[in-house]
Each structure stands twice: as structure tokens, then as C-alpha cells.
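Quick note on labels: first sequence line is chain A, next is B, and so on, each numbered from 1. All of these numbers come straight from a predicted model, not from anything done at the bench.
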Number of protein chains: 2
Amino acid sequence: MTDASAPPMTRIQQKNRDLILQGALEAFSANGFRGATIDQIAKAAGLSKPNVLYYFGSKDEIHKALLTTLLEMWLAPMQQIDPQGDPLDQVLGYVRAKLLMSRDYPRESRLFAYEILQGAPHLTEILGGGLREIVDRTVVVLERWMDEGRLARVEPRHLIFSIWSMTQHYADFEIQVRAVLGEGRDPVAEGGAFLDDLYRKLLTP
Amino acid sequence: MTDASAPPMTRIQQKNRDLILQGALEAFSANGFRGATIDQIAKAAGLSKPNVLYYFGSKDEIHKALLTTLLEMWLAPMQQIDPQGDPLDQVLGYVRAKLLMSRDYPRESRLFAYEILQGAPHLTEILGGGLREIVDRTVVVLERWMDEGRLARVEPRHLIFSIWSMTQHYADFEIQVRAVLGEGRDPVAEGGAFLDDLYRKLLTP
DNA sequence: CCTGATCCTGACCGTTTGGTCAATATTCCG
DNA sequence: CGGAATATTGACCAAACGGTCAGGATCAGG
């Protein structure tokens, strides 16, 4: 997807755009779009505010670029479900992958959570387009497995919602989780075991 | 909990404070704390900005009052679990109650979602205190049921997390849900059936 | 009907914030 | 080296925002 028509980026451009997106992820995921300021982003990136705006014309543009950059990575695990694999293994693997992403990339998780809470003003086209297609493809696979009797029959899209909501819960509502569990526990490790058990019971034919 | 020492409220105070909280719920749930402005709240309440600040000294105070007012209602369903009832019925009833609250009070759901995403700056004492106690009480009941073999054994706190995350998902991420499901479907009705099935399979001993 | 308390508002203030711009520094390349 | 392209910044601006305040309107009780 590297732009062929646009002029190639200099090393400096590459580096600074990256620094800015880095800083923007920090700021946006912590405070939401409106809560984050360009100054915060600039500081986190180690650049001056006008310099940040030299690379991205506006706060909106930074946000959009960040979402676009991260969306692919965020949806990747679902596309790695292997239609040829063992159904239960594949679904449990997906759950596990999603949960680990919540643990390892909580800022990205929060970024998308904010965006969708807000009504997804910068993601509408993707939500209605690409995302739906990706889900549809997965749904086809799931339904085939159910038809073949290799997976218990459940509404596949709601199955996916359940996976999204529960795995992201550990990242987005981490504070609540920690408050309820108390100290000295590993929320994600425990959650992983719980979810494994849950989906095994739900999906074993 | 009605304050006995404070002077009683006049009708006007009662009405206007209520209007303001009403408007604040609208504004905060749509845009988050930083995204909402006092002007928005005032407009939604049908009052002038200085008049809003006559009743609540600051934006922060409005937010705090709103959270405090709604928290009780938000946690009520869990306290209605009947320790003497049938275990599966009680849990499924709780799931159902939570889901209906998401459908009927999506603004409240989003309000809390924003707050917790933000790091719960106005709820820390509640998260560490009251909430944990309420959960602990429910956990005791759940564990007893599991000990008696009337409920399959799972980690009770993660069971609660799963209920929270999935039911709130339908309110907080409604846009995403609608985008994936397409039109002409009833997300909550379908979700209800899915969740009923899921928890039945998970919890039947 | 009077008076004090409550209620309400327009005008205003200081700060923050997104964004601009002219001027300067740095890099790139023939 | 030298000049053009690129990169960087301090100073600045207009709008938005949270909040204040003096004064006027309204209401409740005697």
C-alpha cells in the first residue's frame, strides 16, 4: 500500500512522521481526541508544535493517519483464522491472539474504543466497508464449520462481538478490572484461562 | 442518603438541577468530559451558562454529581441477585437485566465507559471501595452455588467481567455493532438470545 | 405591599488551543 | 562550494472555553 504516485519520503520525513504518530498514540489513547492537545503530541514526539503541523496539516489529520496506520494491525488476527485448521483450535487461537493484543497494545485498544464511543467520526467508511467484509469472510468459515457439525451452532457475528468485547475489556477497562480483582493478580492470564474454558464449552459440538 | 443537614431545596432548585444533570448526561455521554462544554450542557438544559454555574460551581462538579447520581442505578441489577433463588435463573436474569439497561440507558453506559477509559479520575474511591464490596458479596453467593454443585465452576470475578463487557458492548459500541450486522436487525434481541445460550452452556453443572 | 432571599443574565476575563507565518537553520545535491 | 529544497522555530492570532461578577428580575413570607 506504499504510495507510488506521491513523492518519496526523505529519511527525516519518515522519522518525524513516525515520532509524531508515536506521540499521538500516547496522547489520544490517554485522553481521547478532544482531550489530547497538539502540544502534548509534540512534546511526546520531542518536536515543536509548528513542526508537528509541518508534517500533518491538522490535529484531525494526525488522528486519521494514526487510525489508518493501526487499523490493519488491529484486524490482522481475525484474518489469520485458517479455514483448513481445526475449528475449535482456530477460534481459541483467535481469542488468545486478541487477548494478547489487548495486553501488549492497550493504547491501540483504547484509541479505537474512544473512536467508536465517539461515534466513529473518522472510521465510518471503514466500519461500513472493509470491516464488514472481513467479518463476513470469517462468518462464512464459521458457518461452514457449524454446518459440518464441527462447531456448535451459535450466531457467528455475536460470537465475534463477544470475543471483541471480552478481550478488549481487559485493556480498555483495566482500571476497573484491577480495582475489582485487587493487587497481586494477573488479569490477562486469568482472563485467558476463563475465556478458553468459556469458548470451549460454548463451541464444542 | 438525602442530606439532613443541608438546607432543603426549593422547587426551582430541584427542577433546574435536574435539567442540568439531564443536559449533562446528554453532553458527556456523547463527547466525553473534555469534549463536552458547559455551553452544550446549558443549551440542552434550556438554561444560560451562568445559570448552570449558579447551581453547580464548576464543570467538574456537574460531572461528579452526575456520576454519583447514576452509579447506584447502574449497580442495582447485581444487588438484585437472590441468594435463595435458582442459580442459573439468577445469573441469566442478571445478564438480561444488564442487557436491557444497555438498551434503555445507552447514554449512562457510555458515560461510565468514558470515565473508566479516562482512568476513572472521579470514581477512584468508588472503584476501590463500594464497587469491590458489591462484587465481593456477589462472588460469595456465586462460589457457594459452585460449591454446592449447582453452578459450573468458573472464576466468579471474570464471569462478572464477561457479563459487564458483553452487555455494555451493545450500548458503547453500538455503531460498530450496527455496521457489522447491517440494517433491519435487532442487535439487543439477538444478543440476548446469544448470551442466554452462552451462559447456559457455561454455567450448567 | 414590602423586603430579603433566591434566581438569572449580559458582559467580561484569563487561559488554552488549533493553527498560521515569516524568518532562520539545515540538508541535499549538482 | 553554492544555491535550491527541505526542515524548524518563535511569535502571533482568532476562536473556544471555564469561570466571574455586578446588577437586575423574580419569588416567598410577613
Notebook entry, point to check: So, does S102(A) use its side chain to make a donor-acceptor pair with the main chain of A171(A) at under 3.5 Å?
Noted result: no
Next item on the list: Only counting residues at least two apart or in another chain, list the ones meeting side chain to side chain contact (heavy atoms under 4.5 Å, CB included) with E26(A).
Entry: R107(A)
Next item on the list: Heavy atoms only: give me the nearest D172(A)-A113(A) pair and the separation to one decimal.
Entry: OD2-CB, 3.5 Å
Next item on the list: May I ask you to verify if any side-chain N or O of N16(A) is less than 4.0 angstrom from the OP1 or OP2 atom of dT6(D)?
Entry: no
Check: Taking everything shown except R96(B) itself, do over 12 heavy atoms lie less than 6.0 Å from its CZ?
Finding: no
Check: Quick one: CZ on F112(B) to CD on Q168(B), what's the gap to the nearest 0.5 Å?
Finding: 9.0 Å
Notebook entry, point to check: Looking just at side-chain N and O atoms, do Q13(B) and Y54(B) make a donor-acceptor pair shorter than 3.5 Å?
Noted result: no
Checklist line | Minimum heavy-atom distance between D82(A) and Q90(A), given as atom pair plus value | finding: N-OE1, 2.7 Å
Margin query: Looking at every non-hydrogen atom in both residues, tell me the closest pair between V95(B) and T167(B) and how far apart they are.
Written below: O-CG2, 3.8 Å
Next item on the list: Scan residues 20-29 of chain A against DNA chain D and write down, sorted by residue number, each residue with any heavy atom closer than 4.0 Å; if none is found, say none.
Entry: none
Margin query: Could you check whether any side-chain heavy atom of H158(B) comes within less than 4.5 Å of a side-chain heavy atom of Y170(A), counting everything from C-beta outward?
Written below: yes
Note to self: At a heavy-atom distance below 4.0 Å, what parts of residues 54-70 of chain B sit against DNA chain D?
What the structure shows: S58(B), K59(B)
Item checked: Interface with DNA chain C, restricted to residues 30-50 of chain A and to heavy atoms under 4.0 Å -> A36(A), T37(A), I38(A), K49(A), P50(A)
Check: Would you call R200(B) and D196(B) a salt bridge, taking side-chain N to carboxylate O under 4.0 Å as the test?
Finding: yes
Notebook entry, point to check: For DNA chain D, whose closest nucleotide is more 5', that of N51(A) or that of I12(B)?
Noted result: N51(A)
Show me the side-chain donor-acceptor pairs of residues 137-144 of chain B shorter than 3.5 Å, one per line, residues at least two apart or across chains.
residue	atom	partner	partner atom	Å
T138(B)	OG1	I134(B)	O	3.1
R144(B)	NE	E148(B)	OE2	3.1
R144(B)	NH2	P83(B)	O	3.0

Margin query: For a 4.0 angstrom threshold against heavy atoms of chain A, report the outermost contacting nucleotides of DNA chain C in 5' to 3' order.
Written below: dT17(C) to dC28(C)
